[in-house]
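Lettering follows sequence order; numbering is per chain, from 1.
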There are 4 protein chains.
Amino acid sequence: MENLAEKKKAILESTLALVKVNGFHGTPMSMVAKKAGVAAGTIYHYFESKDSLIFELYSYLKQQAIQVVRESQKPDATYQERFFALWFAFYTYYTSNPSVLCFFEQFVNSPYAEKAKSIPSELDELLHAFFEEGINSGQLRPVAPQILSMLAHGNAISLAKVYGIGKLNLATADLELVVQILWDGMSQKTSEINS
Amino acid sequence: MENLAEKKKAILESTLALVKVNGFHGTPMSMVAKKAGVAAGTIYHYFESKDSLIFELYSYLKQQAIQVVRESQKPDATYQERFFALWFAFYTYYTSNPSVLCFFEQFVNSPYAEKAKSIPSELDELLHAFFEEGINSGQLRPVAPQILSMLAHGNAISLAKVYGIGKLNLATADLELVVQILWDGMSQKTSEINS
Amino acid sequence: MENLAEKKKAILESTLALVKVNGFHGTPMSMVAKKAGVAAGTIYHYFESKDSLIFELYSYLKQQAIQVVRESQKPDATYQERFFALWFAFYTYYTSNPSVLCFFEQFVNSPYAEKAKSIPSELDELLHAFFEEGINSGQLRPVAPQILSMLAHGNAISLAKVYGIGKLNLATADLELVVQILWDGMSQKTSEINS
Amino acid sequence: MENLAEKKKAILESTLALVKVNGFHGTPMSMVAKKAGVAAGTIYHYFESKDSLIFELYSYLKQQAIQVVRESQKPDATYQERFFALWFAFYTYYTSNPSVLCFFEQFVNSPYAEKAKSIPSELDELLHAFFEEGINSGQLRPVAPQILSMLAHGNAISLAKVYGIGKLNLATADLELVVQILWDGMSQKTSEINS
DNA sequence: AATGAATGAGATTTCATTCAT
DNA sequence: CATGAATGAAATCTCATTCAT
């Protein structure tokens, strides 16, 4: 059970790839089946319904994202370093996996999200804790952690989208500048200087 | 174009409302017809197809958004004041019209967006010009205007979503703090202080 | 609304004919559509689902049966004459419409019947009243009307089935004998003689 | 044939139970397998197909019914006593095994019955012989044995169904009255009295 | 212009059956 | 013998679109 069954994984990955190109309703189960190399009926051994497949894919990807975020955190780094690492973890994850970003954005803005809201999100809790720590240790302005979390995460997503559009070349220097902007804006130090 | 035919407008507004609740693929034309109080066939007098209806709704809403942004700009205000006004115009528009936000987000992350990309976006141009002005006048850091635009707009959207989730009470003070953070981060002044 | 819409009626009649030959699950909607001369989707304008089609067919046929029974009753006939007329009405209806008999028998023994039980049956009430009258007027033995009703109706059905099997030629004389047997068994007179 | 293999029996009994609740087409093989505690594939070691399973179940139950009827017949009893015993054997069998009654009724009214008609029915022959004996010995009216058989059997089934509906309490006295009605109707004696 | 019944292609889902283990 | 994952044909049902009125 450690590794998802080969076929289940193939189905999830196929769905992810196809939803990016065709959207939810442009991706019939038959198409998923074909791309995954299984029979249409096989999908229903692993997932109760199309909705259930979408939900499980969402959970599956969120776990991946959490993993990525966790791995970015070096315990002996400073808080600011960890903030930068967190931001780049998100950014890199989304730019390397544009279909994941696309899927997430479709999902959270769809009626699916409403139904998934009841499930407590491990990722949200993780981010919440991270920003609370920054506030409590006096390194971040005293703003509600949900807001800071949304700002930082939303910011990484915005940049990843700019990258995805492809019109613009984003050099590492550009990115660092943006994160710096974000950090400067959120950090207590800037706040004090300006006041 | 000033006054859309009554029925056409009813169809657009009905679509908007229904897409928020049901998503694109959960909103059949028959449902739109019923909500708009017209026959199914009537929709096809005003729109070529469902896709065309979606596209026109997108244009229609973008015009609204542009209008809102334009009206927020007082010519005799300082650049920073106009920046704040711009941000609040977006924020207020999205929080007052959650279905618009929801529709936009669904749209831009769907395969529709790909097809709409060719159409030059007046809104994007407007924002681009606004941020270019800030850079040229030395009030904003020299970052690509697309990036600044994405950051500011994305930021307003993020906050509007936090508001939409409803778990959090966002006082005007909170919002001003956030825009301040954003401004501090983007403005040349902060940049100089930190260097 | 007096006459069922042409197409609706065609769908009902086609279903009836096909269920006799193929059974419930041997009669796909596509087959009904073909026989009724309509598109598959059209059925769903008139009926919510296949189950709903079956239920409506059941109601429709029960109304027919009630009509037949009602028409058999001449007000100026004696009770015994009316009993005979009732029995022959059922018998004739079922032998002339073997698919109705077949449908009823499949329906009442299927899980559908369970769901239809809540709906009060006009036919049952009519029969109940008829047999109660016979008991109250002293012409029938004092047995629960439901039982008498079931005996008489079940008896007509049994005979109609014998007819349907076709191995046996049932002359009118045979039938009259059987009804006579039934009447003799149920009537108070015989009861008294034997006691 | 005496002891069916454990598993084969489990499959048959599971099918019987499930068909009562779900009907033929509401009972997939997977459900039978689950209830019987075997794998889906295992069923196909014992039965060629689903149809074959249904047919064998029918035969299996008919053998049971014959057994029950046979055991009810005491050689030293009078004909009338044996008639009563026969009727009660059916009635008791069906009321104690409502799923059997339900299965039989579904089966004989389905397209399965058509295919099973070719197989000579031992039960029919047994009943035929019984009623022929009654006629030949002058105790029953001279009606075709098939008719008498259908009447008596149909009558027991009707009563068992009344019992099954459960709205009515059927005391033994009620039942005896009904059989008496039936006997009075069919017996030569009544016939003579009325003539 | 407006209607809404009708269409039929296509989507989701089921399930009898097979076969490698 | 037994398993149960896998199959894929076929069933139910949806819905964008048309067209006679």
Subject >> Contacts of C/Glu122 that satisfy side chain to side chain contact (heavy atoms under 4.5 Å, CB included) - sequence neighbours left out >> reply: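 So C/Glu122 forms a side chain to side chain contact (heavy atoms under 4.5 Å, CB included) with C/Gln63, C/Ile66, C/Arg70.
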Original post:
To the nearest 0.5 Å, how far apart are CD1 in A/Ile43 and CE in A/Met29?
Top reply: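 Rounded to the nearest 0.5 Å, the CD1-CE separation comes out at 4.5 Å.
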**OP:** Would you give the length of the straight line joining atom CZ of C/Phe47 to atom CD1 of C/Ile11, rounded to the nearest 0.5 angstrom?
**Re:**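 Rounded to the nearest 0.5 Å, the CZ-CD1 separation comes out at 5.5 Å.
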Just the rounded figure in Å: distance from [atom2] of [N] to [atom1] of [X].
| X | N | atom1 | atom2 | result |
| --- | --- | --- | --- | --- |
| B/Glu6 | E/dA2 | CD | P | 12 Å |
| D/Phe47 | F/dC1 | CZ | P | 13 Å |
| A/Asn22 | E/dA11 | CG | P | 11 Å |

Original post:
Does CD in A/Glu48 sit with more than 12 non-hydrogen atoms of other residues, nucleotides or ligands closer than 6.0 Å?
Top reply: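 Not more than 12 within 6.0 Å, no.
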Original post:
How sharply is the helix from E/dA2-F/dT21 to E/dT21-F/dA2 bent, taking the axes over five pairs at either end and rounding to 10 degrees?
Top reply: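 About 0° separates the two local helix axes.
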Original post:
Any side-chain N or O of D/Tyr46 under 4.0 Å from OP1/OP2 of F/dA2?
Top reply: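 Yes.
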Original post:
Between B/Lys7 and E/dA1, does any side-chain N or O lie under 4.0 Å from OP1 or OP2?
Top reply: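 No, B/Lys7 has no side-chain N/O under 4.0 Å of OP1/OP2 on E/dA1.
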Subject >> Within 45° cone and under 6.0 Å: D/Lys50 NZ/CZ vs D/Tyr44 ring >> reply: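 That pair does not qualify as a cation-pi contact.
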**OP:** For D/Glu13 and D/Tyr60, test the side chains for any donor-to-acceptor distance below 3.5 angstrom and give the result as yes or no.
**Re:**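 Yes, D/Tyr60 and D/Glu13 have a side-chain donor paired with an acceptor closer than 3.5 Å.
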Subject >> A/Ser121 and A/Lys62: side chain donor to acceptor below 3.5 Å >> reply: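 Note: A/Ser121 and A/Lys62 side chains meet the donor-acceptor criterion.
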Original post:
More 5' along DNA chain E: B/Gly37 or C/Ile43, using each one's nearest nucleotide?
Top reply: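 Its nucleotide being nearer the 5' end, the pick is B/Gly37.
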Original post:
Between A/Lys115 and A/Phe55, does a side-chain contact (heavy atoms from CB on, under 4.5 Å) hold up when you go through it step by step?
Top reply: CA-CA 9 Å; A/Lys115 293 174 207 157; A/Phe55 278 117; 3.8 Å; yes
Original post:
What one-letter contact string describes nucleotides 12-21 of chain E from 5' to 3', where B marks a base within less than 4.0 Å of any protein heavy atom, S marks contact via sugar-phosphate atoms alone, and - marks no contact?
Top reply: SBBSSBB---
